[in-house]
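Counting starts at 1 for both ligands and their atoms, in listed order. Quick caveat, the model's predicted, so the values are computed rather than measured.
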Amino acid sequence: MSAGTARDDDAALADRLAARIRAHGPVGVDAWMAACLGDPRHGYYAGARKGAGPIGAAGDFVTAPEVSQVFGELLGAWAAATWELAGSPSPVRLVELGPGRGTLMADALRATARPAPGFHRALDLHLVEVNPALRAAQARAIGRQATWHASIDDLPAGPAIVLANEFLDALPVRQLVFRAGAWRERMVDLDAAGRFAFRDGQVVEAPALEPGQEHAREGDVVEMPEAARAAVAAIAGRIAREGGAALFVDYGPMASGIGDTLQGMRRHALADPLERPGETDLTVHVDLAAMARAARRAGAQAWGPVPQGVFLPRLGLHARAAALARGATPAQREALRIACARLIGDAEMGSLFKAMAVGAPGLPVPPGFDATPPSG
Ligand code: SAH
C-alpha cells in the first residue's frame, strides 16, 4: 500500500482503496480482505468504529457464545479436561484467539472454577485481539487479570490451551479462478462506472491445491487460506514444542473442495463483499480438514473436523442444559431449549459449524473427538 498522507488516511476506506487501484492496479482478494478488515483506521475489526460493535443483536452477526452460555461452559470443560490429559502443566497459558465480547471466556472460567480448581490456579490468561473496543469489552466481561496481544507471534512460550471460535473465518484468503485451462488470481478492480468489481488476474503456475480441488471446471473458484493456515501452523508448532492443545470451531465443509465462500454481512443480512468496505464484515468458510493437515505438518496431532451438532452433545450439552433448566422459569426453559436447538440443529449451527483439535505428540484423544484421523 502507498504510504499516503494524513489527508489520505482520513478519507473513507472506499476512496482510499479506489485511489490505490487507480494508482497501482487491481488488488488480490486477500489484499482486499486484509484492508477491509485490518485497516488501522477504518478496517472492520482493526478500526475503532463507534456503535455497538460487530457482534450481538445490535451488531452485524451473532456467534455461538452469544446464543447460549452453554457453549462457553462446554468449551471451558473441554479446556480443563484437555489440560489434565496434557499432564496438568502449571503454569499453563490459557489463550483465546479473537475473543469477541469476552462471553465465551467468561462462561468458560465461571463454569470451571469449582469443578477444576487446579486448572484455575495454574492458568495464566492471554487474549489475541486487534480491536480496541472489543479488548475493553473483554476486560469487563472476564473480570480477571489477562494479557492482550495483537498477534499469535507475541504469545509467551510454555504449555498452552488455546480456544478459537469464529477466528479463522476472519483471516484473508486468496481466491483463484479457473479460466481457459489455467488458475488465475482473482482480483478486485474498478469497473467502467467506478464501482468495485471482480476480475481475473495473472495465471498462477502450479498452485498448492488441497486434495479435492484438482478437478476444476471453467469459472470455478478455489480459496487459499494462507493466513489461517499460518495461524494454525504457528499454534500447532508451539504446541508440538511446548505442549498443550488447541480447539478451533468455525463454519465450513467437512472436506476440502471448490467454491467461492466470501461473504459480506451487515446488520444480520448478507451484503455484497465489495460494497461499503470497512463497514461490512467479510468472512470465508474455513476448511478445517486443510487446517488439520497444516497442524500435522507443523509437528502436532490433529483430530476432526467433527460437526458442532455432534461435538457439543459429546461434551455434555444435554446434561448441562438439564441442570440449568432445573432452576429456571418456564420462559427461561423455553429460551434455553431454543438456544440449544440453534447450537446443534442441522438447519442451524449444528452441521455447518465444525470443531477441530490440535495436540502435542502423545496427547490422548481430547474430549469430543474420534481416535481415527479422517482420511485425506
Ligand atoms: N470468538 C468470538 C468473536 C468472533 S468474531 C465469538 O465467538 O463471539 C472475530 C474476532 O476475532 C473478533 O474479536 C475480532 O476482533 C478478532 N479478530 C479478527 N481478526 C483478527 C486478527 N487478525 N488478529 C486478532 N484478532 C482478530
Side-chain angles (χ1 to χ4, degrees), residues 30-31 33-40 42-49 51-76 78-79 94-108 126-142 146-155 162-173 225-232 234-235 246-252 263-266 268 278 280-286 308 312 339 342-343 349 352-355:
D30 54 345
M33 278 186 85
C36 291
L37 298 175
D39 181 82
H42 300 113
Y44 184 80
Y45 283 119
R49 294 180 312 146
I55 307 156
D60 294 310
F61 56 91
V62 172
T63 55
E66 307 294 334
V67 168
S68 171
Q69 70 188 76
V70 171
F71 186 81
E73 291 173 351
L74 294 175
L75 265 55
W78 186 93
L94 179 60
V95 177
E96 188 176 355
L97 310 179
R101 304 208 298 193
T103 311
L104 190 165
M105 188 53 78
D107 292 337
H126 292 270
L127 307 172
V128 176
E129 176 58 67
V130 282
N131 182 304
L134 288 177
R135 281 186 179 196
Q138 291 155 18
R140 283 194 301 275
I142 292 165
T147 311
W148 277 265
H149 307 274
S151 150
I152 289 171
D153 302 331
D154 302 334
L155 289 167
V162 182
L163 301 175
N165 184 60
E166 289 207 42
F167 172 72
L168 298 173
D169 64 49
L171 303 184
V173 299
E226 288 169 359
R229 214 193 313 270
V232 170
I235 291 289
L247 177 64
F248 294 92
V249 180
D250 229 307
Y251 47 105
Q263 167 178 299
M265 223 23 191
R266 209 165 50 240
H268 305 274
T280 307
D281 181 38
L282 296 182
T283 61
V284 286
H285 285 197
V286 180
Q308 181 165 300
L312 295 181
R342 190 163 168 200
L343 289 178
M349 302 175 86
L352 180 57
F353 283 74
K354 317 278 186 310

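Contact annotation: for L171 versus ligand 1, heavy atoms closer than 4.0 Å belong to the side chain alone. Heavy atoms of I55 found under 4.0 angstrom from ligand 1 belong exclusively to the side chain. With a 4.0 Å cut-off on non-hydrogen atoms, T63 touches ligand 1 through its side chain and not its backbone. Contacts between L134 and ligand 1, counted as non-hydrogen atom pairs separated by less than 4.0 Å, involve the side chain only.
For atom 20 (C) of ligand 1, the nearest non-hydrogen atom from the set T283, V130, T103, L163 belongs to V130. Scanning E166, E129, R135 for the heavy atom closest to atom 13 (O) of ligand 1 points to E129.
Contact of the P225 side chain with the V284 side chain is not registered, since no non-hydrogen atoms from C-beta on lie closer than 4.5 Å. By the 4.5 Å heavy-atom criterion applied to side chains, E166 and V286 are not counted as neighbours. Looking at C36 and Y44, their side chains never come closer than 4.5 Å, going by heavy atoms from C-beta outward. Between D281 and L37, the closest side-chain pair of non-hydrogen atoms falls below 4.5 Å. L75 is not listed as a side-chain neighbour of E96, based on a closest heavy-atom distance of 4.5 Å or more.
Taking every heavy atom of both residues into account, N165 and P65 meet most closely at ND2-CD, 3.3 Å.
D107 is linked by a side-chain hydrogen bond (donor to acceptor under 3.5 Å, both in side chains) to R110, counting only residues two or more places apart in sequence or in another chain.
Per-residue contacts place P65 under 4.0 angstrom from the following atoms of ligand 1 (heavy atoms of the residue considered): 6 (C), 7 (O), 8 (O). Each of the atoms 2 (C), 3 (C), 13 (O) of ligand 1 lies under 4.0 Å from some heavy atom of G100. Taking every non-hydrogen atom of N131 and a distance limit under 4.0 Å, the qualifying atoms of ligand 1 come out as 15 (O).
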Show every donor-acceptor pair shorter than 3.5 Å between a side-chain atom in residues 135-142 and any protein atom, with sequence neighbours excluded, or say none if there are none.
{"residue": "R135", "atom": "NE", "partner": "E129", "partner atom": "O", "Å": "3.0"}
{"residue": "R135", "atom": "NH2", "partner": "E129", "partner atom": "O", "Å": "2.9"}
{"residue": "R135", "atom": "NH2", "partner": "H149", "partner atom": "O", "Å": "3.4"}
{"residue": "Q138", "atom": "OE1", "partner": "W148", "partner atom": "NE1", "Å": "2.9"}
{"residue": "Q138", "atom": "NE2", "partner": "G100", "partner atom": "O", "Å": "2.8"}
{"residue": "Q138", "atom": "NE2", "partner": "E129", "partner atom": "OE1", "Å": "2.9"}
{"residue": "Q138", "atom": "NE2", "partner": "L134", "partner atom": "O", "Å": "3.4"}

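Among protein heavy atoms, the minimum distance from atom 11 (O) of ligand 1 is reached at G98 CA, 3.2 Å.
Residue-to-ligand polar distances place N165 within reach of ligand 1: an N/O pair is separated by less than 3.5 Å. Close N/O approach between F167 and ligand 1 is not found [any backbone or side-chain N/O within under 3.5 Å].
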